[in-house]
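Below, read A as the first sequence line, B as the second, and so on, with proteins coming before strands; counting in each chain starts at 1.
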Number of protein chains: 2
Amino acid sequence: MARTLKDIASELNVSVSTVSRVVNNCDNVHPKTRKRVLGALKKYNYIPNQVARSLKKNYTETIGIIIPDISETFFAQIIKGIDEVLSNRNYSIILMDSNESPEKEEHYLKLMFQNRVDSLVLATVSKEHSALNMYISNNIPVVFIDNIPNLDYDIDCVIINNQKASIMAVNHLIGNGRKDIAIITGNPLETTGYERLEGYKRALRQNNIPVNSNLIKYGNYKEDTGYSCMKELIEHRAENPFNGVYIISEKMTYGAIKAIREHGLTIPEDIALVGFDIHDKSGLITPGITSICQPENDIGKIVAELIIKRLKEKAKSGKVSGIRQRIILDPILEVKVSSQPE
Amino acid sequence: MARTLKDIASELNVSVSTVSRVVNNCDNVHPKTRKRVLGALKKYNYIPNQVARSLKKNYTETIGIIIPDISETFFAQIIKGIDEVLSNRNYSIILMDSNESPEKEEHYLKLMFQNRVDSLVLATVSKEHSALNMYISNNIPVVFIDNIPNLDYDIDCVIINNQKASIMAVNHLIGNGRKDIAIITGNPLETTGYERLEGYKRALRQNNIPVNSNLIKYGNYKEDTGYSCMKELIEHRAENPFNGVYIISEKMTYGAIKAIREHGLTIPEDIALVGFDIHDKSGLITPGITSICQPENDIGKIVAELIIKRLKEKAKSGKVSGIRQRIILDPILEVKVSSQPE
DNA sequence: TATCTACATGCAAACGTTTTCAGTACCATA
DNA sequence: TATGGTACTGAAAACGTTTGCATGTAGATA
């Protein structure tokens, strides 16, 4: 089985260049020659060696994705969106799952660079982003999703309007007659956690409801902290009563519901609840959970388009030029039963 | 910013070979030289070019994974398992999502080969596997998961004992007092669908219950067919009564539950139900769904270990030798409420 | 001191492509 | 027939590594 251009070339007594030109559909090769070569390519089932090609052309047609947890539907759907757009253009995706670990993330940043990905999509879990310097200084476009780090240079990112998400959630609860609304949020030092908390406060103020700091609990996005935060809230219910709660991550929402049930309280009668990123298309969870949702598929597609744009720029001018973009999408409020009036 | 071995070498007035030897930790380089080189590598933050390395060494330290749907927890968890093992060894994963399309799968098989992955993990959705020939004839180890194709040569695969899974499910229902048990299965021309159906029949026979072909429905693993199959079953309930059902995929289980609810029937009182691959760690679905579960994380790890083994063989003898393995794991029955006695 | 060994280093080829450059052959035009 | 242009082809360098081989040098031994 012939494997390389050289094999095909010597088989046909033509030069490697000619075969290469046929493979790449260049002009200036005689129709007759082209036909012969195409025949041989098919006969030997030739498939080009992308590794050699990449070395020569100085790009790999590969993009890297580093995310904290592929088993979260949110990230899986984003990847599907990216894949949809990129696979048509023969790009391949190298995927790494940092498992919420900053150390692993840093290791993967190096490994991705070593693989010379053309571009990187990053949902960071780290506070420290010096490893990104090699991407920046080598003109490799980076796109952030989900969480934006605090950097002193501009970056591309595709996120949702987190303040707006909270405002929608809180206004919805207020509209359904709840005034005492608790929040379980994330780390306020990260943009995601910060913005969602800010939106919550803004919505309360706009409705002339005082912000009660005892009703603000900080978790880490994972299920157990959702559980413990809700437990605390319930146990101090006498001093700090509340009849609505807004939880800013999928897993924390699950934990919180568990805690509410364990305390024998009912949703929405005792506590009206709005969650985040709840995917229950088949309506199996009862009561149905009202939730802020993100347009994952759109995010993925937009990320892919942005990357393509950046790579085109780079191909043209040699640099990633253009002003970096913060693309901010609108969240969606999916209303179900968990937030209904008493 | 120096980028290549050459840059570092000329900076220090040593040869490229010497720098390469330091990078790769070879012996026979003078401690003093090594120190100088290490200093420069650090100073310039050198990261080797995997593309060039791959071309020379004829392997890429890359493995390909093609699956039908990354948003299914089952596949996501397998990938996490593979990643856990492989990332320690500096392997990278190239992921492609065939989106249940045989055409896309075939395209991806070519693209993966073009990328010269060292090994391939495939959850196939196709009946046609000629595209695999290039892997076989080029000695690239392939591991099947989830579904085994009918090939005339031996293949490596890691799956669960599907007959046993069905036997566990059906015996459980019988033990809980159900005798008239329906099944919603997959395409019996695929091993997965076939084996799960066979197990169902065997379990009934072992319990001296006649197999009623009117209680066997064939879906395609997706939600809507679960729904329609269950609807059919319910509508012919007068002629073919049943009080238990076993459904062999996650999404079909959801669809079936939806249909049962729409008909005003209750689980488990009217119909006791055992599903498949239901991941509801937080117990949000009520009633809790009894389900056959697969040890995804183990599957992933075993797949990774198998690949490593094959690649070692290949490195030694130049061929993927050794007898191909069918590694068959035990399914797990997670008992919750949906299958309880009346 | 002469010889031998072991260590340290560099040279150059090779991996499979792409692409520039130069060259050849052919055809049309004047 | 001479001239010019066009269409086609091939040689060779380059991409950034690894590695076999040759070479050189230093220390040890006789």
Does the pair K80(B)/D69(A) count as a salt bridge with the N-to-O cut at 4.0 Å?
yes

Salt bridge flag under 4.0 Å for residues E313(A) and R310(A):
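A salt bridge links E313(A) with R310(A).
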
Does dG16(D) have OP1 or OP2 sitting under 4.0 Å from an N or O in the side chain of Y46(B)?
no

May I ask you to decide whether K127(A) forms a salt bridge with E190(A), counting only side-chain N to carboxylate O separations under 4.0 Å?
yes

E84(A) and N297(A), any side-chain heavy atoms less than 4.5 Å apart
yes

Beyond-backbone contact of I299(A) with I302(A), side-chain heavy atoms, under 4.5 angstrom:
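The answer is no; the side chains never approach within 4.5 Å.
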
Closest to the L5(B) side chain: dT9(D), dT18(D), dT17(C)?
dT18(D)

Nearest-angstrom distance from the residue atom CG of L55(B) to C1' of dT19(D):
14 Å

Taken to the nearest whole Å, CG/N58(A) to P/dG16(C) is 20 Å

Would you kindly give the CD1-to-C1' distance between I47(A) and dT17(C), to the nearest whole Å?
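In whole Å, dT17(C) C1' lies 16 Å from I47(A) CD1.
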
Taking any heavy-atom pair under 4.0 Å as a contact, classify V16(A): base, sugar-phosphate, or nothing.
base

Less than 4.0 angstrom between a side-chain N/O of S20(B) and OP1 or OP2 of dT18(D), yes or no?
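Affirmative; the distance criterion is met.
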
Between N133(B) (side chain) and S130(B) (backbone), is there a donor-acceptor pair under 3.5 Å?
yes

Euclidean distance, atom OH of residue Y59(B) to atom C1' of dC15(C) [Å, nearest integer]:
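Taking OH of Y59(B) and C1' of dC15(C), I get 13 Å after rounding.
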
Which of residues 24-32 of chain B have a heavy atom under 4.0 Å from DNA chain C?
N28(B), V29(B), H30(B), P31(B)

Is the distance from OP1 or OP2 of dT18(D) to the nearest side-chain N or O of R53(B) less than 4.0 Å?
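Answer is yes, contact under 4.0 Å.
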
Any N/O donor-acceptor pair, T18(A) side-chain to dC8(D) base, under 3.5 Å
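It does not, because no donor-acceptor pair links the side chain of T18(A) to the base of dC8(D) below 3.5 Å.
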
How many Å lie between CG on N13(B) and C1' on dT9(C), as a whole number?
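Roughly 13 Å, once rounded to whole Å.
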
Measure from NZ on K6(B) to C1' on dC11(C) and round the result to the nearest Å.
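Distance check: K6(B) NZ to dC11(C) C1' gives 14 Å.
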
Output the single nucleotide from dT17(D), dT20(C), dT17(C) whose closest atom is nearest the side chain of A52(A).
dT17(C)

If I take atom NZ in residue K56(B) and atom P in nucleotide dA12(C), what distance separates them, rounded to the nearest angstrom?
16 Å

Please give, in whole Å, the distance from dG16(D) P to R21(B) CZ?
20 Å

For the pair E100(B) and Y221(B), evaluate side-chain hydrogen bond (donor to acceptor under 3.5 Å, both in side chains) and give the outcome as yes or no after the intermediate values.
CA-CA 10 Å; E100(B) 314 266 3; Y221(B) 298 90; over 6 Å; no

Which residue lies toward the 5' end of DNA chain C, S17(A) or S15(B), if each is placed at its nearest nucleotide?
S15(B)

Which nucleotide in the list dG16(D), dG10(D), dG20(D) gets nearest to the side chain of T4(B)?
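So the side chain of T4(B) is nearest to dG16(D).
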
Counting only heavy atoms not in N150(B), do more than 12 fall under 6.0 Å of its CG?
no

Between K57(B) and T33(B), name the one whose nearest nucleotide on DNA chain C is closer to the 5' end.
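Closest to the 5' end, via its nearest nucleotide, is T33(B).
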
So does R116(A) reach the base of dG16(D) with its side chain, donor to acceptor, closer than 3.5 Å?
no

